[in-house]
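Keep in mind that this is a model prediction, so the values were computed, not measured. Numbering of ligands and ligand atoms starts at 1, following listing order.
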Amino acid sequence: MRTAALALMMPLLFALGCAGLQNASATPVAPKPRLRVLGIAQDGGVPHAGCSCDTCTAAHDDPARRFHVASAAIIIPTGEGHRVYLIDATPDITEQLHMLRDVRDAPEGRTDRAPVDGVILTHAHMGHYTGLAHFGFESMHTQTTPVWCTERMGGFLRRFGPWSQLVDKQEIEPRTLTPGEPVDLGAGVTVTPILVPHRAEYTDTCAFVIRGPNTTVWYMPDCDPWGKWPTPIDEILAGEGTDIALLDATFYSLDELPGRSLSEIGHPPIVTTMDALQSMSDAGLDVRFIHLNHTNPALDPGSPEQREIERRGFAVAREGAEIGL
Ligand SMILES: [Zn+2]
Ligand SMILES: [Zn+2]
Ligand SMILES: [Zn+2]
């Protein structure tokens, strides 16, 4: 409970750090670099296309029960304003860019042709890069927006339409991420790509270690079950000095997938992740779940599954929440 309570309080504490203390003190507190959660759903989003399950029906009826596809923004204060880097370009990018309007110096009354300072991609599954289509000629028509991705992902974007047209028209500019090598975003924040096991039809898949002056975040929307990893996940997170881990939580348990065994599904269920990380969580690691499938009962804040997550000291990430870096 302690970790969950801290997780819920962090955006509040951070907001107080930026605003409340500024009012209470004669010395203004400079805004700090931070990560903002923009979505927590699996690639298909909530509601899911063509689905009439209770979760999707409720989401159609009540916009407050919708969830955007997993994404986050790294916000870097510059003195005059902010630089903003988007992790993944999802099918929900229109609304997710709107969730960043307070930190963008966007032109009033017309389309912003530089809506972000860069995009950092995990991999080429539909929820993670197809939002790039909005950078193209039919929509924002951006100008050389940097898109960081692995060499294999960059080759995929350069070779295959419609993505190759974005490159040819210089709407996006692929830049190569080298696994293990940090990219410096300024203000003491770096992003280091780590290759992780995940089905790789088109490209490899990255997790990101986002290291700020005070906090290290592990961001990983998609990965294989822990049994397929050569190194245990707790050792990896400890080795990176992780404070907060945002982890693939596509399914809560095998109950969502009748007739399937753990070896057949492509993601670590939340129950196995909690078992794998319980002692690290008890020792202070803040684990928040992202990339929840529409079938995942933990999406519902009142569900026994979400209560069990919180009882064990874990949390489901909240859209709009900020993590000070
Ligand atoms: Zn995904
Ligand atoms: Zn559904
Ligand atoms: Zn994927």
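- Side-chain polar atoms of Glu171 and His141 form a donor-acceptor pair below 3.5 angstrom.
- Listed by chain and number, the protein N, O or S atoms at a distance under 2.8 Å from the Zn ion (ligand 2) are Cys51 SG, Cys53 SG, Cys56 SG, His294 ND1.
- Residues satisfying the ring pair (Phe, Tyr, Trp, His ring centres under 6.0 Å) test with Tyr129, not counting sequence neighbours, are Phe156, Trp163.
- In this structure, Glu201 pairs ionically with Arg199, as a charged nitrogen and a carboxylate oxygen lie closer than 4.0 Å.
- The structure places CZ of Phe208 at 6.0 Å from CD1 of Ile120, a figure rounded to the nearest 0.5 Å.
- A side-chain donor-acceptor contact under 3.5 Å links Thr150 and Asp204.
- For His198, the ring pair (Phe, Tyr, Trp, His ring centres under 6.0 Å) test picks out His123, His125, His267, with sequence neighbours left out.
- Between the side chains of Asp88 and Thr122, a donor-acceptor pair is found at a separation under 3.5 Å.
- For the Zn ion (ligand 1), protein N, O or S atoms closer than 2.8 Å were enumerated as Asp43 OD1, His128 NE2, Asp222 OD2, His291 NE2, with waters left out.
- A donor and an acceptor atom, one from each side chain of Thr90 and Asp92, are nowhere located under 3.5 Å apart.
- Classification of Asp184 and Arg211 as a salt-bridged pair fails, no side-chain N sitting under 4.0 Å from a carboxylate O.
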